[in-house]
Asker: 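Let me give you the structure first, and then I'll get to my questions.
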Amino acid sequence: MEDVAKDFLNELIRRSLIQVADTLWQEVTECRIYLSTSGSCRKKGIRDDESVPATEYLSSCQKLQKLWLDGRIEKLPLSYPFPNSITVMVLVNLELMEDSMPILGMFPNLRNLGLVAAYKGKEITCNDNNFCQLEFLRLDSLQNLERWHLDTSAMPLIKGLGIHDCPKLKEIPELIKDVHVGS
């Protein structure tokens with residue numbers, strides 16, 4: 001199965017649906033994935049009806065540390081196909097309809113998370129014992145976000161927070177009001 005996964009990833013790379021930004025000993029450590037035909041995929045000549053199941057094969061990238069997902073996907077899968085080695089994740093233009101924070105919070109090594117026009121909902125919730133290693137969080141262009149719930153033991157190591165273009169967000173959770181907010 002690992003050979004099939006690597007062959008499929010190589011085909012996606014060849015078609016410019018995945019861009020590998022860095023490798024270490026021939027293992028992918030940083031990549032950008034175009035999940036759908038929105039935005040930048042259209043620029044690459046991909047048809048609107050073409051599906052990109054690229055995330056299914058990421059579990060074979062055991063050294064993957066930095067991941068950018070760009071394109072429309074309404075829901076992150078509960079049985080996450082991504083390796084635990086990811087330390088940086090940026091989600092761009094996903095248009096998620098469901099809060100993905102409970103899923104993202106389970107990544108054991110995630111230190112830097114960016115959500116840029118990635119969520120269309122009104123609330124996000126960070127549960128207890130989630131985001132145990134997270135140091136930096138960026139919330140950008142979340143136009144409908146009104147409320148952010150943060151449980152007591154979530155994000156214990158957070159030291160940087162960027163909030164941009166979230167016009168309906170009423171307040172930052174009390175637990176992280178002292179965290180440096182960057183612009």
Asker: In the single-linkage hydrophobic clustering (I, L, V, M, F, W, Y; side-chain heavy atoms under 4.5 Å), do L96 and L115 co-cluster?
Answerer: yes
Asker: What distance separates M101 CE from F131 CZ, expressed to the nearest 0.5 Å?
Answerer: 4.0 Å
Asker: Got a donor-acceptor contact below 3.5 angstrom from the D99 side chain to the T125 backbone?
Answerer: yes
Asker: Between E123 and W148, is there a side-chain heavy-atom distance shorter than 4.5 Å?
Answerer: no
Asker: Looking only at heavy atoms, what is the nearest atom pair of C132 and P156, with distance?
Answerer: O-CG, 3.8 Å
Asker: Could you tell me which non-hydrogen atom of I176 sits nearest to which non-hydrogen atom of I158, and how far apart they are?
Answerer: CG2-CG2, 3.7 Å
Asker: Does either side chain, that of Q143 or that of D165, offer a donor lying less than 3.5 Å from an acceptor on the other one?
Answerer: yes
Asker: Which heavy-atom pair separates A118 from L142 by the least distance, and what is that distance?
Answerer: N-CD2, 3.7 Å
Asker: Hey, could you give me the CE/CG distance between M106 and N127, rounded to the nearest 0.5 Å?
Answerer: 9.0 Å
Asker: What I'd like to find out is whether the side chain of V90 reaches to under 4.5 Å of the side chain of R138, using heavy atoms alone.
Answerer: no
Asker: Does any non-hydrogen side-chain atom of I124 lie less than 4.5 Å from one of L139?
Answerer: yes
Asker: Show the nearest heavy-atom pair for residues L145 and R147, with the distance to one decimal.
Answerer: CD1-O, 3.5 Å
Asker: Can you tell me how far apart CD1 (I86) and CG (L67) are? Round to the nearest 0.5 Å.
Answerer: 4.5 Å
Asker: Looking at every non-hydrogen atom in both residues, tell me the closest pair between C126 and A154 and how far apart they are.
Answerer: O-CB, 3.7 Å
Asker: Got a second to check how far E135's CD is from L113's CG, nearest 0.5 Å?
Answerer: 13.0 Å
Asker: Is I103 reachable from L150 through a run of hydrophobic residues whose side-chain heavy atoms are each under 4.5 Å from the next?
Answerer: yes
Asker: Assigning hydrophobic clusters by single linkage (Ile, Leu, Val, Met, Phe, Trp, Tyr; side-chain heavy-atom cutoff under 4.5 Å), is M155 placed with L175?
Answerer: yes
Asker: Rounded to the nearest 0.5 Å, what separates atom CE in M89 from atom CG in L110?
Answerer: 6.5 Å
Asker: If you round to the nearest 0.5 Å, how far is CG of D70 from CG of L94?
Answerer: 7.5 Å
Asker: If every non-hydrogen atom of K168 is compared with every non-hydrogen atom of N144, which pair is closest and at what distance?
Answerer: NZ-OD1, 3.9 Å
Asker: Report yes if some heavy atom in the side chain of L104 is under 4.5 Å from a heavy atom in the side chain of L91; otherwise report no.
Answerer: yes
Asker: Would you confirm whether D128, through its side chain, and T152, through its main-chain N or O, come within 3.5 Å as a donor-acceptor pair?
Answerer: yes
